[in-house]
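Reminder, nothing fancy here: chain letters follow the sequence lines and each chain counts from 1. On a predicted model such as this, the values are computed, not experimentally measured, just so you know.
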Amino acid sequence: MADVRGGLRAAGYLAAAQVRSDWQYRSAFLLAFAVQAIVALANVVAILIVLELTPSLGGWSRGQVLLAYSLVGLTFGLADALFSALEDTGEMTRTGDMDRVLLRPVGSIAQIVGRNFQLRRIGKLVPPIVAFVWAVPRVDIDWGLWTVGYLMVTVVSATAIFAGLWVVSGAVGFVAVGVRRFSHSITYGGQQASEYPLHLYPRWVRLVYGWVVPLAFVAYLPVIVLTAAPNPLGIPRWLGYCAPLVALALCGAARLAWGAGTRRYQSTGR
Amino acid sequence: MTPRLFIEVARRSFRRSSTYRLATASALFTNTVFGFLRASVLLFLANGGDLRGMSESDLVTFAFLSQGFIAVVGIFNSGPLTLGTAIKSGDVVIDLYRPAGLQQWYLAQWVGDAGFQVLARGVLPLLAGALVYELTWPDLLILPTFALSLVLASLLGFALRFLVALSGFWVFDVRGVDAIVTLISGLFAGLVLPLNLFPPALEDVARGLPFSGMIQLPIEIFLGTRSGLETVWALVFQMGWLAALLAVGFGLLRVATRRLVVQGG
Amino acid sequence: MAVIELEDIEKQYVVRTRAGLFRRERQIVQAVSAVNLQVNKGEMVAYVGPNGAGKSSTIKMITGILQPDGGRIQVLGMEPMRQRVQLTRKLGVVFGTRSQLWIDLPLQDSFALLRHLYRVEETRFKRNLDELVDRLDLSTFLDRPVRQLSLGQRMRGELAAAFLHDPDLVVLDEPTVGLDVVAKYAVRSFLADINREYGTTVLLTTHDLDDVEQLCERLVIIDEGRVVLDGSLGDFKARFGFERIVVVDLEAAVEPLEIDGVDVVERNGPRQHLRFDRRERSATDVLAAVAAQHSIRDVSIAEPTIEELIHRFYLE
């Protein structure tokens, strides 16, 4: 536990330093923030066009679809902003930066995350937040302490799930620089897949992007639980409360994969 | 720049791209996966019938073919971005010392890379899709026209990216410009959704922009949804925008180099 | 007490080369073979060898970021791989070609960050920093962003960064590469002082013979993965540094000079590079022989570089 705390502290200091460096080019930073926000619009525009074509997606209302989108956008955006630097392990191996990371008495994930923190990426959260504000009054949520708590736990767990995917992607990246794009089918592919309700997809996509890569827990199940959205697949409702467990398991597995990647790096020297 | 030099540069670029096997294979895999994801959504929307004049097999073909186009027209290709960063750092003077026009030099590189990408990443997503779905295959007679349209699409991609790179002479954050152009060109080329599915007013706008010539028009030719005259119009549209964008690039480059020379940068 | 102990260390790499369109050939490269090395506390050792000789592999194994394939390794009483994190707390590493400072931040911010990373307590950090600022003369540019520092200033910053947490062992990989004479002097005298006053053990790789000459009592040469020499620089030079090169500028460009026991190794207009063995002839002797044939406008004597010496050593 002391280890985790030390890592978090170190990552915090490193990230703060990174923000200080960015802040030296203030106008460029604000511009880049805006760029991130605009680029993130693409996904929501696509969903809006689809909703224009058809009033409901398999029984889900606009509000429900956009709520699901906003959960994905928010949590993927957070994980992307914080953890996507991890996918560069291949590149870091090539440049030798990985050596420097291993020569310091702090966990490697914490160091890489902290060192590459870019506040501007938070710009990606703007469209999902707007979508969330738009969607909430249009869905039937029984607001109370319980729902707020559930929502918060969902956001944290979903962010952790996406973060786990980035860690795995980084672990795979130790193999070679080129495999990074392979992992994109899981990270960006996962984001893409989970923006639409799971019941749209054929069975194998549901299996892969719903359960093997456990993205059903990110937005699909929470929207069912929160808004009593139609559940044409008949997924047991209690699964909607398992996101924290799934996130823990995935992060544990990701941690092991990362360890294996580091050991591989240390034994092959590349 | 002599044709000979152009070919030599293009050949080296082809070979250079072909050395990144693992990267190419993994990108191909991801393109294909996205093809399946997009095809699934489109099929759901079609709900067993037609969608805005496209049959189910048209829609699926569109999804996979557009994934094959990504690398060829360079939607995410930030290759000329190296030029953009070279401009920012001032290293561009090295490029300017070459006895060949900067635009032709980068064009030759682009052509070589695109040639490799057609072979490596252009066809396979479509074939993977064909394993699972029924696709719309084109009339053999239309293939040469499609090929011409594809070449024009790739060149349009180049002309666009070259402008992005040149923006480095005036804009601090080339990467930001690059990201926005990537977003806009992906959306309005038809990569995210076929343009026919856009709300009519938005579709009209999209069809007037050069991006539609990068994916939507060549794929319509492939699917045979355009009549003879419409096909000719599509090619003229592509050529017109290509000439315009290349000319703008050429003009801006001259202004920029003059400025660079005057500044002694 | 031994700070570094290597016993029969082995390291192989698998290299895949292209053979034909799709076929790849696997090749095993022996990077380090049966290396034995013992460095005691307070020693300052130069570890030299040509590029690709196995230097950096050895260093990586000593610092715990590379796993040896065989042999036994102990550093500061720890097993580097297994106890990497503990080891890093007592270890300082400087790469001459790679910075560990934050390029866009003032130099002192890098130090503050490193304090947190290594969890150096405030008072100790203050004391160490004051001392390092004083010794390395950093005070004039502490608040300047690292990207604005000259190469020499930056390297002084790197050194301070590596010593902030009171390491027992410091590994320096080409710390003087690219520096001018003044900066090299600053780096060397700092290392010599710290080593003398605190008994910090230093392992240094370099291509610069002057580094070795001015800093290290002991020289270890590695080539093709093997330690080929472990002794003092004096011994080494006495055994192999018997070659001298005299560069003469003549009045005019002439045919290569023909003098007994002297080879012309390079000829460039009126300038000729003459190589001879100083056990057989003296420099004055050679110059007299040249002067007997032509008039000489200028003369200089070149020391062989360490690479040349090692190369010689192999031709023996």
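Using a 4.5 Å heavy-atom cutoff, the side chains of L53(A) and R52(B) are in contact. Under the 4.5 Å side-chain criterion, counting only non-hydrogen atoms from C-beta, V33(B) is in contact with Y209(A).
Taking V50(A), L31(A), T54(A) one by one and counting their heavy-atom pairs under 4.5 Å with chain B, the maximum is reached by V50(A). Comparing N43(A), I186(A), V179(A), L41(A) by heavy-atom pairs within less than 4.5 Å of chain B, the highest count is held by V179(A). Per-residue counts of heavy-atom pairs under 4.5 Å with chain A were compared for N31(B), L45(B), V192(B); the largest is that of L45(B).
Around the CZ atom of R20(A), the shell of radius 6.0 Å holds more than 12 heavy atoms that belong to other residues, nucleotides or ligands. Enclosure of atom CZ in R26(A) by more than 12 non-hydrogen atoms of other residues, nucleotides or ligands within 6.0 angstrom is indicated. Residue-environment remark: CD (E91(A)) exceeds the threshold of 12 foreign heavy atoms within 6.0 Å. Other residues, nucleotides and ligands place more than 12 heavy atoms under 6.0 Å from the CZ atom of F117(A). Annotation for R11(B): atom CZ does not count as buried by contact number, only 12 or fewer foreign heavy atoms lying within 6.0 Å.
Neither the backbone nor the side chain of I184(B) comes within less than 4.5 Å of any heavy atom of chain A. Residue F198(B) touches chain A through both its backbone and its side chain, counting heavy-atom pairs closer than 4.5 Å. Heavy atoms closer than 4.5 Å to chain A are found in both the backbone and the side chain of L37(B). For V205(A), the part sitting under 4.5 Å from any heavy atom of chain B is the side chain, from C-beta outward, and nothing else. Of the atoms belonging to L48(A), not a single heavy atom falls under 4.5 Å from chain B. Heavy-atom distances place the side chain of V45(A), and not its backbone, under 4.5 Å from chain B.
In terms of heavy-atom proximity, F34(B) sits nearest to H184(A) at CE1-O, 4.2 Å. Across every non-hydrogen atom of S185(A) and F29(B), the tightest pair is OG-CE2, 3.4 Å.
For the atom pair CG of L197(B) and CD1 of I49(A), the computed distance is 8.5 Å after rounding to the nearest 0.5 Å. With rounding to the nearest 0.5 angstrom, the OH atom of Y196(A) is 11.5 Å from the CZ atom of F44(B). Here the CD-CG distance, from E52(A) to L193(B), works out to 12.5 Å after rounding to the nearest 0.5 Å. To the nearest 0.5 angstrom, R181(A) atom CZ is 11.0 Å from L28(B) atom CG. Taken from CG in L22(B) to CZ in R180(A), the straight-line distance is 12.5 Å, to the nearest 0.5 Å.
Under a 3.5 Å cut-off, the side chain of S40(B) and the backbone N or O of Y201(A) do not form any donor-acceptor pair.
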